[in-house]
Number of protein chains: 4
Amino acid sequence: MHAEQPVRTGRAKRLPRAVRERQIMDAAVDVFSRLGFHAASMDEISDVAGISKPMLYAYLGSKEELFATCIRREATRMMEAIAGGVEAEAPPDVQLWSGLRAFFGFVGENRASWQVLHRQASSQGGPFAEELADMRGRAISLVAALLVHSADFGNVPRAGDKEAESLAAALVGAGESLADWWLDNPEEPAGVVAARLMNLVWMGFGDLVAGDVWHPPSRRPESVADGAPVS
Amino acid sequence: MHAEQPVRTGRAKRLPRAVRERQIMDAAVDVFSRLGFHAASMDEISDVAGISKPMLYAYLGSKEELFATCIRREATRMMEAIAGGVEAEAPPDVQLWSGLRAFFGFVGENRASWQVLHRQASSQGGPFAEELADMRGRAISLVAALLVHSADFGNVPRAGDKEAESLAAALVGAGESLADWWLDNPEEPAGVVAARLMNLVWMGFGDLVAGDVWHPPSRRPESVADGAPVS
Amino acid sequence: MHAEQPVRTGRAKRLPRAVRERQIMDAAVDVFSRLGFHAASMDEISDVAGISKPMLYAYLGSKEELFATCIRREATRMMEAIAGGVEAEAPPDVQLWSGLRAFFGFVGENRASWQVLHRQASSQGGPFAEELADMRGRAISLVAALLVHSADFGNVPRAGDKEAESLAAALVGAGESLADWWLDNPEEPAGVVAARLMNLVWMGFGDLVAGDVWHPPSRRPESVADGAPVS
Amino acid sequence: MHAEQPVRTGRAKRLPRAVRERQIMDAAVDVFSRLGFHAASMDEISDVAGISKPMLYAYLGSKEELFATCIRREATRMMEAIAGGVEAEAPPDVQLWSGLRAFFGFVGENRASWQVLHRQASSQGGPFAEELADMRGRAISLVAALLVHSADFGNVPRAGDKEAESLAAALVGAGESLADWWLDNPEEPAGVVAARLMNLVWMGFGDLVAGDVWHPPSRRPESVADGAPVS
DNA sequence: CATGAATGAGCATTCATTCAT
DNA sequence: GATGAATGAATGCTCATTCAT
C-alpha cells in the first residue's frame, strides 16, 4: 500500500513536482481513510507526507481540493482496474464476471483507497458527495447497460431503463457490502465470494428476464406502495 | 418529517422534560443527517431545536452522547418498524418479502433517520461505528438465518454458515443501495422497487440452492483467487 | 464541622429565614474551602445546602456576595473565639499566650473555616482580598499594640510603631504557617506547638527590647538595603 | 519588571522560539499574579504577551501546563537567588541571615513572581498545590537543618527533628508575612526589615536552645492541648 | 524552493443568573 | 415561598490557512 514516513526531520529533498504530488496524495489517502475527512488534519497529512504545510497548500490547494483530488484519483484507479479486467467484446455475463473479479481484486489490494471511496466520501456534504455520487452513478449505468444488453440478447421485450438501473444499483450495493464483509472475513478467497454474488445475481436476473418471478402468496406486492408515500 | 425553526428569538416556552428531549433529538437527527457528525455544530442543533445550548447539554449530554443517542433511537425505530411488519410464523420467503417492504416503507417515511444511519454512522471512528456495525451485523445474521432456514426446507445439503452470511451481507447491501437509488428516483412506487429486489434475490437464491449455477465459459471462477491475496 | 446533605430530593421544608441562611452558609463554607472560590459552583453549593438555586440567590445574593458573607462570618467567628480566650486586664505576655492558644484551638476545630480564610480569600482579586486584608491588618495591629504596650512596661525607649507592626506581621505569619504545619503534623498537641512559638517570639522580643541583638560577623546588615530598591 | 502591551494589533514579528517562550511566560506570570489561576484567561495572557492564542498553545501547552511551568520557573529563580546569596561554609547564623537578605531582595525585585508563588499557587487544588507545597516543604527542611546544625554547635541536647521543623515552618511563615507587609510599607529598607526578623528569631532561638524559656504565670502551657482535639 | 512562525475563526462546554409556574 | 427550566456570556482549545525569512 502507500508508503509513510511517520516523523520528518530536516529539509525535504527537492523532487520533481509529479513525484512530490504523488507522495502527498498517498499520505492524504492514508490519513483520510484512517480518520475521515474532518478528523484528518492538514498537520498530520503534511507530517505523514514528509513535507511542510505550506508545500501541501502549494501543491494541492485547500483541504477540500486535496480530498476531492484524492477521491478522483482513487476512483479513477479503481475504474481503470475494473475496466482493465473486462474485455469489451465478451458476452455480458463474462463482462460482468470479469468486472466483479477485478473489483474484488482491487479492494483486496487497496484497502485504504476503498475505505476512502466507500466510507468517507459518501458521508460528507459539500461537493464530494456529488462527485462521488456521479462516479457511482456512472458505474451503475455501465452495469445497467450490461443488463439491458444481455436482456436484448434473450429476445425478450426490452426491460425499461429504470428497471435495469435499479437492478444495477442493487447489484453495485451488493458488491460493496460483500466487499466489506469479505474484508472482515478474509478466510474465503476473493474468487469464491465473487462467484457467489455472480451466481446469485445472474441466475436471478435470468429468471427475471424469463418472466419466472416470485409471487407473494396472497397479496400483490404492489400493495405496499400505498403505505410509502414519498414526501 | 421533523420540523425546523431556522432562527430562534426570545425565551423558549417551558416544556416538560420528555417533550423537549424528543424535540431536541428530532433536530439533532435532522442536522446530523444533513451535515454529518463532525460538520454538525451544537450551535446549529440548538438553533434548529429552538433552544439554547445549555439546554442541549443539560438534556442530552455531550455531542458524542447526543449522536449515540440519536443513532440508537433511529436504529431501534427502524428495527422495530421492520420487525413489526414481519410475521414470525410465516415461511421464509414471506418473511423476507415483508421485511423488505417494511424497510422500504421506513426509509421512505424517515429519510433523515435513514441518512444518519446509513451515511454518517459508519464513517466515524470512535464508538459509533462499532455500535452501528453491530446492529448491521445483527441484521445480516437475521437474514442469514432466514436463508439457512429456507434452504433447509428444500432438502438440500445445508449451506455453510459463511456462505449464507455472505449472501445476506450482499442482500442487505443491495437493499441499502436500492433504497438510496429509490430516494433519487421516487417516481416508482416503493412496492415495485422492493418486489424487483425480492425477485432477483429469491429466484437467484433458489437456483443457487438447487445447484443451478452460472459457469464462466472457459476458466474456473476460482482462478481469480490467486490475484487477490489478503494482506 | 458543618453538616452536608449530598443529594436533595423533593421540596425543601419551609424554615425560618435565619436557619436557612445558616444552613446555606455552612454549605458554602464547606464547598469554598474544598474547591476555592472559582472552582466552586453555585450548583454544587445549592445541592450541598439542600435547596434550589433561586433560593440561594434570594437569600444570599450573588456568588461574590455569598463568598464575602462567608468570609466575614468565619473571620468574625475566629476573632471572637480568640477575643473570648483573652483577658483584657492580663499582662501582655499572658494576653499573647492566651490568644495563641485560642487561635490554635479554633483552627483545630474549624478546619474548613480556616482553609477559606487562609487559602482562598487571599488568592482572589476583587473585593475579597481587600476585606480579608483589612481583617488581617486589624489582627496585626492588635498584636502590635500588645508588643508596644509590653515594651513600655520595660522602661525602654518606645519602639517605633512601624517596628512593632512589622514584628506583629511576622508573628501573625508565623502563627498561620505553624497552624498549617500543625494540621499536617497533628501528632503534637496544639499546646506544645503554640508554646514553642510563644517562646521563640517572646524571648526574642525580650532580647530585642533589651537591646540584646544579633550582629553579622563582619558587615552591617543594612548593607543589603542598597540592592533592593522598591520599584 | 515584565513589559506589557495591553492591546495588540497586526501580526507579531517573527522571533526565535526561545525568546517568544520567555516573553509568553513573563506575560503569564504577570496575569496569573494579578488574577489568580482561574480568573486568568488564556485570551488575556495572549493579549499581554502580544501574540495570538494558538501560539500560546503551540509553545506552552494547556493552561495547566503553562501555570505549572510558570510556577516551576519562578520557584527555581527564587531558590537560586537565595542559594546564590548563601555561603555553604558559613556558620548557621550567617547562612540564615544571608538567606533572609536574598529572599527579601528577590521579593522586592520580583513582585509578580512572589505573588504567583505565595498567593496563587497554594490556593489551587490539582497538581500545583502539591508541587508548590513540596518546594515550600523543602525550604522548611533546609531551614530546619540549619537550626539543628546550629543547636548542635551549642553543646545542647539535640532538639527533636519535629521541633526544629515546626520552628522552621514558623520562621518561613514569618518571612513570607513580613515580606508582604514590607511590600505594603516600602518606606523601610529591606535590610532593616530583614534584620529585625533575624534578630527576633535568632535571639529567641538562642534562648530556647539555652533552656531560657517563657513560662505562663500560673498554668502550664500544655493545658491548652485538651481543648484542641485533632479531628 | 521550503519552512518555522503566526493567526482568524470557530467549536464544545460550563457557569452565574433569572423567568414562569 | 420554592422550583424546574431556561439563557447570555464566557473559556479552553483546535484547525485551516498564510506570511516572512
Side-chain angles (χ1 to χ4, degrees), chain A residues 8 10-15 17 20 38-46 50-59 61-66, chain B residues 8 10-17 19-20 38-46 50-59 61-66, chain C residues 8 10-17 20 38-46 51-59 61-66, chain D residues 8 10-17 19-20 38-46 50-59 61-66:
Chain A
R8 183 175 61 86
R11 204 175 193 79
K13 275 236 310 265
R14 290 189 53 165
L15 291 177
R17 180 165 190 122
R20 257 292 140 77
H38 267 104
S41 78
M42 295 298 263
D43 260 299
E44 173 146 10
I45 293 174
S46 67
I51 55 156
S52 66
K53 259 194 300 180
M55 279 289 94
L56 195 51
Y57 280 88
Y59 278 111
S62 73
K63 190 185 183 187
E64 294 215 339
E65 284 177 81
L66 172 59
Chain B
R8 187 174 59 85
R11 187 169 262 249
K13 264 233 327 249
R14 282 185 68 143
L15 288 180
R17 188 174 182 112
V19 175
R20 260 289 134 80
H38 268 106
S41 80
M42 294 298 262
D43 263 299
E44 172 142 13
I45 293 174
S46 67
I51 55 155
S52 65
K53 258 193 301 180
M55 281 284 92
L56 202 50
Y57 282 89
Y59 282 172
S62 71
K63 190 184 182 185
E64 291 217 341
E65 284 178 83
L66 173 58
Chain C
R8 183 176 62 86
R11 204 176 190 77
K13 274 234 313 261
R14 289 191 51 164
L15 289 177
R17 182 168 187 117
R20 258 291 140 80
H38 267 103
S41 78
M42 296 298 263
D43 261 299
E44 172 146 11
I45 293 174
S46 68
I51 55 157
S52 67
K53 260 192 302 181
M55 281 287 93
L56 194 53
Y57 281 87
Y59 277 112
S62 74
K63 189 185 183 185
E64 293 216 340
E65 284 177 82
L66 172 58
Chain D
R8 186 173 61 86
R11 186 169 263 248
K13 264 231 331 246
R14 282 183 69 145
L15 287 180
R17 188 172 184 115
V19 175
R20 261 288 133 81
H38 268 106
S41 81
M42 295 299 262
D43 263 298
E44 173 144 11
I45 293 174
S46 67
I51 54 154
S52 65
K53 254 192 307 178
M55 282 284 93
L56 202 50
Y57 282 89
Y59 283 174
S62 71
K63 190 184 182 186
E64 293 217 340
E65 284 177 83
L66 173 58

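Reminder, nothing fancy here: chain letters follow the sequence lines and each chain counts from 1. The structure presented is a predicted model; accordingly, all values stated were derived computationally and were not measured.
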Item checked: Approximate separation, where rounding is to 0.5 Å, of D:R20 CZ and D:K13 NZ -> 9.5 Å

Is there any protein nitrogen or oxygen under 3.5 Å from a nitrogen or oxygen in nucleotides 17-21 of chain F, and what are the pairs?
residue	atom	partner	partner atom	Å
F:dT17	OP2	A:Y57	OH	3.0
F:dT17	OP2	A:K63	N	2.9
F:dT17	O4	A:K53	NZ	2.5
F:dA20	N3	D:R14	NH1	3.0

Checklist line | Short side-chain N/O contact from A:R17 to OP1 or OP2 of E:dC1, under 4.0 Å | finding: no

Item checked: Partners meeting salt bridge (Lys or Arg N to Asp or Glu O under 4.0 Å) with C:E44 (sequence neighbours left out) -> C:R34

Next item on the list: To the nearest Å, give me how far apart CG (C:L56) and C1' (F:dA2) are.
Entry: 13 Å

Notebook entry, point to check: How close or far is atom P of E:dC15 from atom CD1 of C:I45, stated in whole angstroms?
Noted result: 12 Å

Item checked: Nearest atoms (heavy-atom pairs only) where C:S52 meets C:S46 -> C-CB, 4.1 Å

Check: In Å and rounded to the nearest 0.5 Å, what is the OH to CD1 distance from B:Y59 to B:I51?
Finding: 8.0 Å

Checklist line | Partner set under side-chain contact (heavy atoms from CB on, under 4.5 Å) for B:E64, not counting sequence neighbours | finding: B:F37, B:S62, B:P127, B:F128

Margin query: On the nucleotide F:dA2, are OP1 or OP2 found under 4.0 Å from the side-chain N or O atoms that C:R20 carries?
Written below: yes

Note to self: Need to verify one output field. Residue with the more 5' nearest nucleotide on DNA chain F, B:L15 or A:A39?
What the structure shows: B:L15

Check: Can you tell me which stems DNA chain E forms when a stem means 3 or more consecutive Watson-Crick or G-U pairs under 3.5 Å?
Finding: E:2-21 with F:2-21

Notebook entry, point to check: Does a nitrogen or oxygen in the side chain of C:Y59 sit under 4.0 Å from OP1 or OP2 of F:dA2?
Noted result: yes

Note to self: Looking at every heavy atom in both B:G50 and B:A12, which two are closest together, and how far apart are they?
What the structure shows: O-CB, 3.8 Å

Check: Expressed in angstrom and rounded to an integer, what is the separation of C:H38 atom NE2 from F:dT11 atom C1'?
Finding: 11 Å

Note to self: Suppose we screen for side-chain contact (heavy atoms from CB on, under 4.5 Å). Which residues come up paired with A:Y57, at least two apart in sequence or across chains?
What the structure shows: A:M42

Item checked: Rounded distance [0.5 Å steps], NZ in D:K53 versus CD1 in D:I45 -> 11.0 Å

Margin query: Tell me the interatomic distance from D:E44, atom CD, to F:dA9, atom P, rounded to whole angstroms.
Written below: 20 Å

Next item on the list: Measure from the side chain of C:S52, starting at C-beta and using heavy atoms only, and say which of F:dA6, F:dA2, E:dT7 lies closest.
Entry: F:dA2

Check: Which comes earlier along DNA chain F counting from the 5' end, the contact point of B:M55 or that of A:A40, where each point is its nearest nucleotide?
Finding: B:M55

Notebook entry, point to check: Minimum heavy-atom separation for D:A39 to C:H38, with atom names?
Noted result: CB-CE1, 3.4 Å

